[in-house]
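Predicted model only: the values in this text are computed from it and were never measured. Throughout, numbering of the chain's residues begins at 1 and tracks the sequence.
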Amino acid sequence: MHEYTSTTRVWGLSCPGFPEEVSRARRWTRDILRGSPLAEDVELIVSELSANAILHTASGCESGSFHLAVAVSAQVVAVSVTDDGGGRTAPKVNRVEHQDQDGEHGRGLGMVSALAHRVVIRESQAGHTVTAELFTGEHPSEFPC
């Protein structure tokens, strides 16, 4: 393999924090993953994480934005959404078990956790990044180094 090429491909998209940008992010993801058996699940995850960024953080404010990254390798598809922070509470995957199943809101990260093999949430001064990983075959930790 050439030293400047990688078996992992990464795409990035920055969107203004308008609700209609969620469908743009979904279409963009669908185009990247066209033909992948994971495309529908990843598209749903992108939709949920993008909507959460707009609804629950400063990304949904007048000058807000959110940023999406999709990384694809032979072993994993990873999607990350970074918001502008400023939400009342940070996203927490473990809150999933305590949600009201009859409520209209609050089950999104639970759905993301159910679809993804791993969900990682990182906080920084710039905002929150939620990354969902879907394994294409064997779990990456089973591969020899």
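Atoms NE2 and OG, from H117 and S113 in turn, are 12.5 Å apart once rounded to the nearest 0.5 Å. To the nearest 0.5 Å, atom CZ of residue R26 and atom CD of residue E43 are 6.0 Å apart. Note that CD1 of I45 and OG1 of T131 are 11.0 Å apart. Values are rounded to the nearest 0.5 Å.
Contact between D84 and S65 at its shortest, heavy atoms only, is OD2-N, 2.8 Å. Across all non-hydrogen atoms, the minimal contact from F66 to S50 is CE1-OG, 3.4 Å. Summarising the geometry of S80 relative to T129, their closest heavy-atom pair is CB-CG2, 4.0 Å, with the distance given to 0.1 Å. Here the closest heavy-atom approach between residue L13 and residue R24 is recorded as CD1-NH2, 3.3 Å. Here the closest non-hydrogen pair linking A78 and E133 is CB-CG, 4.1 Å. Looking at every heavy atom in both residues, R118 comes nearest to F135 through NH2-CZ, 3.8 Å.
Between the D83 side chain and the G127 main chain, no donor and acceptor come within less than 3.5 Å of each other.
No side-chain N or O of S73 forms a donor-acceptor pair with one of T8 less than 3.5 Å apart.
Within 6.0 Å of CD in E62 there are 12 or fewer heavy atoms belonging to other residues, nucleotides or ligands.
The shortest distance between side-chain heavy atoms of W11 and V72 falls below 4.5 Å.
Partner of E48 under the side chain to side chain contact (heavy atoms under 4.5 Å, CB included) criterion, out of L109, V81, V112: V112 alone.
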side-chain contact (heavy atoms from CB on, under 4.5 Å) assessment of L33 paired with L38: CA-CA 8 Å; L33 296 176; L38 298 175; 5.8 Å; no
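V119 is connected to M111 through a chain of hydrophobic side-chain contacts under 4.5 Å among Ile, Leu, Val, Met, Phe, Trp and Tyr, so both are in one cluster. Criterion: ILVMFWY side-chain heavy atoms under 4.5 Å apart, direct or through other members. Under it, F18 and V46 are not part of a common hydrophobic cluster. The hydrophobic clustering, which links ILVMFWY residues whose side-chain heavy atoms are closer than 4.5 Å, places L49 and I121 together.
Under the side chain to side chain contact (heavy atoms under 4.5 Å, CB included) criterion, D41 pairs with L115, L134, sequence neighbours left out.
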